[in-house]
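These figures come from a predicted structure and were not determined experimentally. Every chain is numbered from 1, with letters handed out A, B, ... down the list of sequences.
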2 protein chains.
Amino acid sequence: MIENDNSVNIENEKGRYHHGDLRAALISEGLRLLAIGDVEQLSLRQIARNVGVSPTAVYRHFPDKQALLTALAMEGGAQLARRQKKAQTAAGGGRAGFDETGRVYVRFALENPALFRLMTAKSRVGTETCPGEERGGLGLLRRNIAALAAPGTSEEAQRVGFVRSWAMVHGLAMLMLDGQVPADESLIDRVVDTAFVAGPA
Amino acid sequence: MIENDNSVNIENEKGRYHHGDLRAALISEGLRLLAIGDVEQLSLRQIARNVGVSPTAVYRHFPDKQALLTALAMEGGAQLARRQKKAQTAAGGGRAGFDETGRVYVRFALENPALFRLMTAKSRVGTETCPGEERGGLGLLRRNIAALAAPGTSEEAQRVGFVRSWAMVHGLAMLMLDGQVPADESLIDRVVDTAFVAGPA
DNA sequence: TCGAATATGTTTACAGTGAAAACATGATCG
DNA sequence: CGATCATGTTTTCACTGTAAACATATTCGA
C-alpha cells in the first residue's frame with residue numbers, strides 16, 4: 001500500500017542525493033510519529049528531519065502538509081478495513097461478526113489515537129471521493145446492514161441503521177479517546193451490541 | 001458567565017493602559033472567531049490583535065493558549081446545557097423531552113462546529129473535574145436515563161445506557177461535522193430515537 | 001495622603017512552523 | 001554524449017506560542 005515504485009529504490013547507500021523512495025519513507029515516518037505522539041505536534045519539518053531530507057523536499061511529493069496527512073489517513077483507513085474484515089470472518093460472520101467489526105473500530109481508535117483522529121478529521125474532501133470506499137470499512141458496514149436487516153426493510157431504514165451503527169461506534173471511540181468515558185474493554189463489549197442499532201422496525 | 005468583575009470595568013475610554021476586563025474580552029473575541037473560522041486557525045495573537053492588546057498580555061489572564069481554549073470550551077458547554085434544559089421542558093419532558101436533548105446536542109454541534117470540536121477535544125484534564133458537571137448537560141443526561149429506565153434497571157445497565165446515548169449523539173454530531181454523513185435535519189430526527197438506546201433489557 | 005507593593009500592560013527576543021522561489025544534482029533517454 | 005526533467009537543497013518570509021525584562025496603573029498600609 002505504501003510502495004509506489006516511483007523510483008529506482010536503490011538500497012541504503014548513505015550520502016546520496018536522491019533518496020530512492022522518499023514518498024514512502026515520509027509516510028512511514030509519519031505513521032511512526034503518529035504512533036508515539038499526537039497529531040498537532042506532528043510537523044512536516046520533523047518528518048523530513050527524521051528521514052534525513054530538507055524540509056522542502058516534501059513538496060516534491062505532496063502539494064502541502066495536508067496532502068501528506070491525507071495520505072497517512074488513507075493508510076490508516078486501509079489498515080482498519082483489513083482488521084475489520086479479518087475479525088468478522090474470525091467471529092464466523094453473521095450478527096456476531098458484525099458486532100465484532102464495531103468493536104474492532106473502537107479498539108483500533110484506542111490503539112492508534114492520533115492516526116484515528118487524523119482519519120476522521122474533516123479535511124478530507126469527501127468520503128465518497130475516497131478511492132476504494134465500497135471495499136473499505138464503510139462498504140463492509142453497508143453490506144452488513146443489508147444482510148442483517150429484517151427482510152423487507154426499506155432502503156431508507158437501512159440507511160438510518162447504517163448511520164446509527166456508525167455513529168454509535170464512532171461516538172464511543174471518540175468519547176473514550178477524549179477521556180470522557182473510561183476506555184474499558186468490557187464497556188465496549190456491552191455498548192456495542194447489534195440489538196440496539198437494529199432494534200425494532 | 002463571562003463577566004468576572006475582576007477589575008474596574010471603566011467604560012470604553014480609548015487609549016488607556018489598562019483594558020478594564022481583558023479576560024472577558026479575550027473570551028468574547030475567541031468565541032467570535034470560533035464562530036466564523038475553525039479552531040486550528042484560531043491564534044492567540046489574532047485574538048489579542050482584535051482586542052487591541054499585545055500578544056503577551058494574554059498571559060496575565062491565562063497561563064498558556066490551552067488555558068484560554070479551555071475557557072472557551074467551558075463557555076460553550078454552559079451554552080449547550082442551557083439549550084438542552086430549555087428544549088427538554090419545551091418538549092414537555094419525559095421520553096420526548098429526552099430525545100429532544102439529544103437532537104439539540106447534534107444541532108448545537110452543527111451550528112457551532114469549531115466551538116463544539118473544542119469542547120470535546122481531549123485536552124481537558126477530565127470531565128469529572130469540570131465544575132458544575134452534575135448540573136451541566138451530562139448530569140441532565142444521567143438523570144434522564146435514571147428517570148426513563150424500566151423500574152429495577154441495575155445501576156450498571158443505566159451506566160451502559162448513559163454511554164450508549166451519549167456515544168450515539170456524539171458520533172452523529174462528529175460524522176456530520178466531518179462531512180461523512182449529510183447534515184440533514186430529518187436524519188437527526190430518525191437516528192436520535194430513544195427506542196434504540198433504551199432498547200430491550 | 002503618600003509611597004510601596006501588586007496587578008496588568010508592553011517591548012523585545014527566540015525557536016519553531018508551513019511554504020514560496022531560486023538553485024543544484026543526478027537519472028533517463030534521444 | 002548531451003539535453004531534459006524529476007528530485008533534491010538553500011534561502012527566505014510571515015506567522016506562531018511564549019519567555020524575560022521593562023512600564024504603568026491601582027490598591028493598600030503607614
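- Checking the phosphate oxygens (OP1, OP2) of dG8(D), a side-chain nitrogen or oxygen of H61(A) falls inside 4.0 Å.
- No contact: V58(B) has no heavy atom under 4.0 Å from any strand.
- Residues satisfying the side-chain hydrogen bond (donor to acceptor under 3.5 Å, both in side chains) test with D64(B), not counting sequence neighbours, are none.
- Residues passing the side-chain contact (heavy atoms from CB on, under 4.5 Å) test with R83(B), sequence neighbours excluded: V104(B), F108(B), E111(B), N112(B).
- Atom C1' of nucleotide dG17(D) and atom CD of Q41(A) are separated by 14 Å, given to the nearest angstrom.
- Whole-Å rounding puts the E40(A) CD to dT16(D) C1' distance at 15 Å.
- Every residue meeting the side-chain hydrogen bond (donor to acceptor under 3.5 Å, both in side chains) condition with R107(A), not counting sequence neighbours, appears here in chain and number order: E100(A), E185(A).
- Per the geometry, CD1 belonging to I47(B) stands 15 Å off P belonging to dG9(C), to the nearest Å.
- Listed by first and then second residue, the salt bridge (charged side-chain N to carboxylate O under 4.0 Å, His left out) pairs that reach into residues 32-49 of chain B are E29(B)-R32(B), sequence neighbours excluded.
- Put simply, S43(B) has a side-chain N or O that comes within less than 4.0 Å of OP1 or OP2 on dT16(D).
- In this structure, L22(B) atom CG and dA25(D) atom C1' are separated by 15 Å, rounded to whole Å.
- In this model, the phosphate group of dT16(D) is approached by a side-chain N or O of R49(B) to a distance below 4.0 Å at OP1 or OP2.
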With 3.5 Å as the limit, what N/O pairs link the protein to nucleotides 19-22 of chain C?
{"unit_1": "dA19(C)", "atom_1": "OP2", "unit_2": "Y59(A)", "atom_2": "OH", "d": "2.9"}
{"unit_1": "dA19(C)", "atom_1": "OP2", "unit_2": "K65(A)", "atom_2": "N", "d": "2.8"}
{"unit_1": "dA19(C)", "atom_1": "O5'", "unit_2": "Y59(A)", "atom_2": "OH", "d": "3.1"}

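- One interatomic measurement links the two molecules: CG of L69(B) to C1' of dG17(D), which rounds to 12 Å at whole-angstrom precision.
- The aromatic rings of F116(B) and Y105(B) sit perpendicular, their planes meeting at an angle over 60°, well past the 30° parallel limit.
- Annotation: salt bridge (charged side-chain N to carboxylate O under 4.0 Å, His left out) contacts involving residues 151-160 of chain A, sequence neighbours excluded, comprise E156(A)-R190(B).
- Following rounding to the nearest Å, L26(A) (CG) and dT7(D) (C1') show an atom-to-atom distance of 12 Å.
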